Amino acid sequence: MNRTELVVALVLTAFGAVVVAESLRMPRFENIGGSFATAPGLVPGLLGAVLVLFGVVMAIRAVVAGGPPEAPGRPILLEEEVEGPAEPQEPPSAGRTRMMWMLGLSLLYAGVLVGRIDFALATFLFVFAGIVVFELPAFRSARAVTNRTAIAGVIALAVAWAVPFVFERIFLVNLP
Amino acid sequence: MFEGLGYFFAAVLSFLDPGSIWNILWATLLGIVVGMLPGLTATLGVALLTTLTFGLPSGEAILILVCMYVGAIYGGSRSAILLNIPGTPANAATALDGFPLARRGEAGRAMGIATAGSVLGTFVGMILLATIAPLLAEAALRFQSYEFFWLAIFGVVISGRLTALDDPLKGWVAGFLGLLVAMVGQESIYSFPRFAYGSTDLAGGFGLLPVLVGLFGFAEVLTVMKQPLIAAVRLSTDSVIPKIREVLAYWRTILRSGVTGTLMGLIPGVGEDMGAWVSYALARGASKTKDEYGKGSVEGLMSAEAGNNAAVPGALIPVLTLAVPGSAPAAVLLAALFIHGIRPGPLIMIEAPSFVYEVTAMVFFATLAILLYGLLLTRPLLMVLRIPPSRLMPIILVLCTVGSFAIASRLFDVWIMLGFGVLGFVLRTYGFPMAPLILGVVLGPILDSNLRRGLVLSDGSLLPFLTRPISIALWGTILLTFLLGVPAVQRFLARILGRGRGSAGEGGNA
């Protein structure tokens with residue numbers, strides 16, 4: 001009984017069911033000559049039903065067979081877990097922390113700052129903060145701190161200048 | 001056929017002006033850099049460049065995009081060989097034999113072989129593109145609504161099956177989710193805003209480019225950040241120029257990989273990565289030096305790189321003739337074609353017959369460019385690999401943000417990018433592949449409009465959907481793909497085939 005798979009399957013089934021319900025609620029436009037075949041809800045409803053079916057199959061599979069068949073050593077094509085050259089060992093939570101920081105900073109930058117404050121300023125702040133946060137593990141001496149922070153500042157300035165320049169001046173594309 | 005050659009040469013000549021040559025050079029170089037860097041994939045590169053070249057004339061823009069595409073698929077081989085980290089998923093098979101060669105001190109030789117394989121593979125694919133596309137377009141003229149409906153489902157199903165070999169169910173779920181994503185927004189018959197809930201932004205639907213940039217850009221950035229940040233590059237001292245005799249000795253492998261790669265690219269939604277893997281598997285099966293594979297086989301490396309690069313022109317074939325993408329980067333190119341007012345599809349040989357050959361000429365020049373850079377600039381380019389992800393990822397995110405905004409100038413697109421980035425990251429964590437999802441988003445409108453139009457044409461009857469000859473071929477293949485994806489059926493078949501082979505040695509029973 002593979003609990004993760006089961007939860008994923010149940011979420012999928014629920015989602016599909018909601019889609020079907022919403023599709024049934026869509027108007028059929030019979031008053032202007034529409035029919036079942038032209039109903040806007042036809043295709044989403046069918047797709048939702050297929051997702052429900054897949055979800056149920058996945059759930060049954062999770063309970064009865066313990067999840068998907070074991071990968072026979074074949075590489076997962078879009079998510080490489082290839083061993084690289086020997087790296088300094090790090091605790092498994094380090095990756096997750098980095099990822100959460102990236103997520104948080106990105107949401108703050110692209111979701112909140114961009115569009116509200118000047119783009120170049122927002123970009124500078126984001127790139128600077130991002131580089132500093134991710135290079136924190138390398139801040140071992142006072143000299144390293146100053147060096148790396150300075151480099152971060154320079155890179156952030158360069159990006160904040162270059163991106164608007166290239167996009168707006170050279171390629172004439174709108175920026176937020 | 002000779003008419004085609006005429007168009008091709010005319011196109012080649014038309015690109016020989018300084019402006020085009022400059023575009024070819026910088027776009028291919030940028031593509032190689034994009035391909036080399038982890039966190040940047042060919043899809044994202046082409047997507048970002050599409051937004052950048054939005055305002056340029058169409059011929060110039062498409063040339064730039066094709067060069068970026070070819071360059072990126074080639075560029076990934078650099079990091080695959082030196083770092084055992086494929087720059088793009090298409091280069092995963094390259095790492096298998098490239099990295100052991102590098103570890104033996106033969107990194108230069110490996111990179112030279114990869115260059116040769118990529119160049120020759122693309123040439124094979126290019127020739128097939130120029131010959132198959134017009135034929136396919138002519139066959140596609142017989143496609144009506146019924147066939148396009150089945151084609152859309154076929155694309156999603158086959159992509160789901162082949163990109164998630166161990167768990168096709170997840171591939172199919174991804175594909176159907178993609179189809180559903182395309183349903184948001186105003187539909188084509190009554191302009192009824194589906195799943196909009198009063199929001200004008202949602203009524204406009206999810207633009208393909210922001211979704212793509214989210215799934216392949218932001219999600220990728222998050223994935224890279226989660227992994228340990230890579231160490232420095234291992235530089236080599238041997239020559240990066242391939243020996244001609246060595247390359248020619250493997251002409252059979254190159255030809256086989258080139259054809260296989262092109263075919264893999266041709267299948268909708270199945271792209272360069274399968275081009276590499278299937279070519280690799282076939283080369284290994286036919287090889288006299290099987291044991292070397294995985295330990296530094298030159299033949300294996302060459303087949304992988306020829307296969308993945310041949311898939312690029314291969315993926316362009318359905319884009320041009322059916323308006324169905326052959327791979328994820330090709331999906332972006334398809335979007336770009338529409339943005340620039342070019343209408344790919346079965347009518348292309350009638351409306352703009354020279355265009356297919358112009359694209360072939362673009363691929364030709366891009367290939368010459370990667371040969372040039374591979375032979376001359378390999379060492380300087382390796383400096384790029386020294387950029388630490390901690391500095392690169394924030395920059396990529398800035399580009400993703402700008403890229404999503406640029407086409408329609410709405411902030412909502414940036415939020416779409418963020419949302420799909422998170423969604424893509426979550427889905428990948430649970431084992432769902434991205435390629436069928438993006439294919440679903442592209443094929444969704446085709447599915448929707450053709451099903452409803454077909455039903456109207458047939459007065460609500462399902463008969464033409466099931467009985468027209470091409471339709472039968474399509475739904476038959478779909479059914480077969482579903483059946484063969486079910487483990488119980490696979491075991492059943494294995495048992496029957498095993499028994500047929502007799503009992504000597506193999507046993508045969510599951």
Side-chain angles (χ1 to χ4, degrees), chain A residues 4 8 12 19 22 26-27 29 34-38 40 42-44 47-48 50-51 54 57-58 68-69 71-72 74-75 77-80 82-85 87 90 95-96 98-99 102-103 106-107 109-111 114-115 123 126-127 130-131 134-135 155 159 163 167 171-176, chain B residues 51-55 83-86 89 92 95 163 165-167 169 172-173 176-177 179-180 183 187 189-190 192 194-195 218 221-222 225-228 230-231 234 273 390-391 393-395 397-398 401-402 405-406 409 411 414-415 418 428 430 433-435 447-448 451-452 455-456 460 487:
Chain A
T4 334
V8 171
L12 183 65
V19 167
E22 284 296 297
M26 290 185 195
F29 294 105
S35 66
F36 165 74
T38 60
L42 174 67
V43 178
L47 292 175
V50 170
L51 284 179
F54 283 147
V57 170
M58 204 187 284
R74 237 190 312 224
L77 294 167
L78 280 148
E79 173 133 28
E80 268 66 53
V82 186
E83 1 98 33
E87 301 129 9
E90 54 164 41
R96 197 182 237 175
R98 269 197 304 263
M99 191 270 293
M102 186 77 210
L103 182 64
S106 306
L107 287 176
Y109 168 67
V114 163
T123 307
F126 169 71
V127 176
I131 298 183
F134 298 126
E135 297 208 326
I155 297 180
V159 172
V163 169
F167 275 78
F171 287 94
L172 305 173
V173 170
N174 283 340
L175 281 190
Chain B
T51 59
L52 205 60
T53 57
F54 180 46
L83 299 176
N84 205 19
I85 297 178
T163 53
L165 280 170
D166 300 313
D167 195 1
L169 186 61
W172 295 328
V173 169
F176 278 87
L177 272 175
L179 288 171
L180 199 56
M183 296 293 114
E187 46 85 31
I189 299 187
Y190 301 104
F192 174 76
R194 291 191 284 209
F195 301 113
F218 190 30
V221 165
L222 290 175
M225 288 323 287
K226 197 167 177 201
Q227 289 155 9
I230 44 173
R234 201 184 311 259
D273 45 357
S390 55
R391 297 185 190 161
M393 295 299 122
I395 301 180
L397 187 83
V398 171
T401 309
V402 176
F405 180 82
S409 296
L411 270 178
V414 176
W415 299 339
L418 290 174
R428 269 166 150 190
Y430 290 112
M434 292 290 98
L447 180 92
D448 181 47
L451 174 63
R452 291 153 82 195
L455 283 174
V456 166

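Residue numbers begin at 1 in each chain, while the letters A, B, ... track the order of the sequences. Computed from a predicted structure; not experimentally measured.
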Peer 1: Which atoms of B/Leu418 are under 4.5 Å from chain A, going by heavy atoms: the side chain, the backbone, both sets, or neither?
Peer 2: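 Contact with chain A involves the side chain of B/Leu418 alone.
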Peer 1: Between B/Leu222 and chain A, with a heavy-atom cut-off of 4.5 Å, which part of the residue counts as in contact: side chain, backbone, both or neither?
Peer 2: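 Both parts, backbone and side chain.
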Peer 1: Got a salt bridge between A/Glu135 and B/Arg391, using NZ or NE/NH1/NH2 to carboxylate O under 4.0 Å?
Peer 2: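 Here A/Glu135 pairs with B/Arg391 in a salt bridge, since their nearest N and O are under 4.0 Å apart.
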Peer 1: Mind ranking A/Gly130, A/Pro44, A/Gly111 by heavy-atom pairs under 4.5 Å with chain B and telling me who comes out on top?
Peer 2: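 Top count of heavy-atom pairs under 4.5 Å with chain B: A/Pro44.
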Peer 1: Only pairs of heavy atoms separated by less than 4.5 Å count here; which of B/Val402, B/Val414, B/Leu455, B/Leu411 has the most with chain A?
Peer 2: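 If we count pairs closer than 4.5 Å to chain A, B/Val402 comes out on top.
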Peer 1: With the side chain counted from C-beta on, respond yes when B/Met393 and A/Phe134 share a heavy-atom pair under 4.5 Å apart, and no when they do not.
Peer 2: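 When only atoms from C-beta onward are counted, A/Phe134 and B/Met393 do not touch, as no gap falls below 4.5 Å.
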Peer 1: Heavy-atom distances under 4.5 Å only: say whether A/Val114 touches chain B with side chain, backbone, both or neither.
Peer 2: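 For A/Val114, the contact with chain B is made by backbone and side chain together.
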Peer 1: Just so I know, are the side chains of B/Phe218 and B/Thr401 near enough to count as touching, which here means a heavy-atom distance under 4.5 Å?
Peer 2: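 No, side chains not in contact.
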Peer 1: Which answer fits A/Leu103, side chain, backbone, both or neither, if we ask what part of it has an atom under 4.5 Å from a heavy atom of chain B?
Peer 2: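 Looking at A/Leu103, backbone and side chain both touch chain B.
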Peer 1: Just jot down the side chain to side chain donor-acceptor pair (under 3.5 Å) partners of B/Asp167, sequence neighbours excluded, or say none.
Peer 2: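 Side chain to side chain donor-acceptor pair (under 3.5 Å) check on B/Asp167 returns A/Arg61.
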Peer 1: Tell me, for B/Val173 versus chain A, whether the close heavy atoms (under 4.5 Å) come from the side chain, the backbone, both or neither.
Peer 2: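 Both parts, backbone and side chain.
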Peer 1: What do the steps show when you test B/Met183 against B/Leu180 for side chain to side chain contact (heavy atoms under 4.5 Å, CB included), and what is the final call?
Peer 2: CA-CA 5 Å; B/Met183 296 293 114; B/Leu180 199 56; 4.3 Å; yes
Peer 1: Could you look at A/Val159 and say if it's the side chain, the backbone, both or neither that has a heavy atom under 4.5 Å from chain B?
Peer 2: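 Answer is side chain: those atoms of A/Val159 sit under 4.5 Å from chain B.
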Peer 1: Using non-hydrogen atoms only, which part of A/Leu175 is less than 4.5 Å away from chain B: side chain, backbone, both, or neither?
Peer 2: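 Both parts, heavy atoms under 4.5 Å.
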Peer 1: Find out whether B/Leu447 and A/Leu47 are in side-chain contact, i.e. whether some heavy atom of one side chain is under 4.5 Å from a heavy atom of the other.
Peer 2: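 A side-chain contact under 4.5 Å exists here.
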Peer 1: State which residues pass side chain to side chain donor-acceptor pair (under 3.5 Å) with B/Thr53; sequence neighbours excluded, sorted by chain then number.
Peer 2: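 Checked B/Thr53 against side chain to side chain donor-acceptor pair (under 3.5 Å); zero matches.
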Peer 1: What part of B/Leu451 lies closer than 4.5 angstrom to a heavy atom of chain A: side chain, backbone, both or neither?
Peer 2: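 Looking at B/Leu451, just its side chain touches chain A.
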Peer 1: Do you know which of A/Val127, A/Thr123, A/Val50, A/Thr4 has the most heavy-atom pairs with chain B at a distance under 4.5 angstrom?
Peer 2: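 Among the listed options, the one with the most contacts to chain B is A/Val50.
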Peer 1: Relative to chain A, which segment of B/Ile189 carries a heavy atom at a distance below 4.5 Å: side chain, backbone, both, or neither?
Peer 2: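 B/Ile189 touches chain A through side-chain heavy atoms alone.
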Peer 1: Would a 4.5 Å heavy-atom cut-off, applied to side chains only, mark B/Leu179 and A/Val43 as touching?
Peer 2: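 No, every pair of side-chain atoms sits at 4.5 Å or beyond.
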Peer 1: When rounded to the nearest 0.5 angstrom, what distance separates CH2 in B/Trp172 from OG1 in B/Thr163?
Peer 2: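 OG1 of B/Thr163 is found 11.0 Å from CH2 of B/Trp172.
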Peer 1: Quick one: of A/Val163, A/Thr38, A/Leu51, who has the most non-hydrogen atom pairs under 4.5 Å with chain B?
Peer 2: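 Highest number of pairs under 4.5 Å: A/Thr38.
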